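Contents: one structure, followed by commentary.
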Amino acid sequence: DTKLVSLVELVDKSILFNDHYVYHSSSSNTMLRHFERAAKYIQSHFSTNKVLEIGSNDGIFLKHFETGC
């Protein structure tokens with residue numbers, strides 16, 4: 001009952017997130033607080049033995065969940 005969706009070709013992270021990359025979520029205090037609060041809310045209201053993360057770009061959201069989710 002699970003699905004995996006991925007790109008056929010992976011782009012090396014050094015190409016995507018280099019010195020010219022415009023925005024990293026973790027560089028914003030507002031985004032840091034948002035993702036922490038969102039993770040806490042989700043964990044208090046839902047079973048979080050699995051997490052689907054889309055678009056937090058540098059892992060800022062997932063760091064608030066235990067390893068193995």
Side-chain angles (χ1 to χ4, degrees):
D1 294 348
T2 62
K3 306 288 185 243
L4 170 64
V5 178
S6 65
L7 301 173
V8 175
E9 295 181 31
L10 297 178
V11 179
D12 187 275
K13 67 179 181 179
S14 65
I15 294 171
L16 291 175
F17 304 109
N18 56 45
D19 293 337
H20 302 290
Y21 185 69
V22 182
Y23 185 76
H24 292 275
S25 297
S26 62
S27 66
S28 164
N29 286 330
T30 300
M31 294 303 284
L32 287 168
R33 287 190 304 273
H34 165 73
F35 284 115
E36 180 178 10
R37 289 177 184 155
K40 285 180 180 179
Y41 177 86
I42 289 167
Q43 291 175 79
S44 69
H45 286 81
F46 303 97
S47 171
T48 56
N49 55 344
K50 293 184 181 180
V51 176
L52 172 63
E53 182 276 339
I54 300 173
S56 75
N57 85 13
D58 59 4
I60 188 174
F61 181 58
L62 288 178
K63 80 175 197 168
H64 298 289
F65 293 88
E66 290 185 32
T67 305
C69 287

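These figures come from a predicted structure and were not determined experimentally.
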- request: State which residues pass side chain to side chain donor-acceptor pair (under 3.5 Å) with D19; sequence neighbours excluded, sorted by chain then number.
  value: none

task: Could you list the residues that satisfy side-chain contact (heavy atoms from CB on, under 4.5 Å) with L10, not counting sequence neighbours?
output: none

Please tabulate, for the side chains in residues 35-42, all donor-acceptor contacts under 3.5 angstrom to protein atoms that are two or more places apart in sequence or on a different chain.
unit_1	atom_1	unit_2	atom_2	d
E36	OE2	K40	NZ	3.3

- prompt: Which heavy atom of L32 sits nearest a heavy atom of H64, and at what distance?
  reply: O-NE2, 4.4 Å

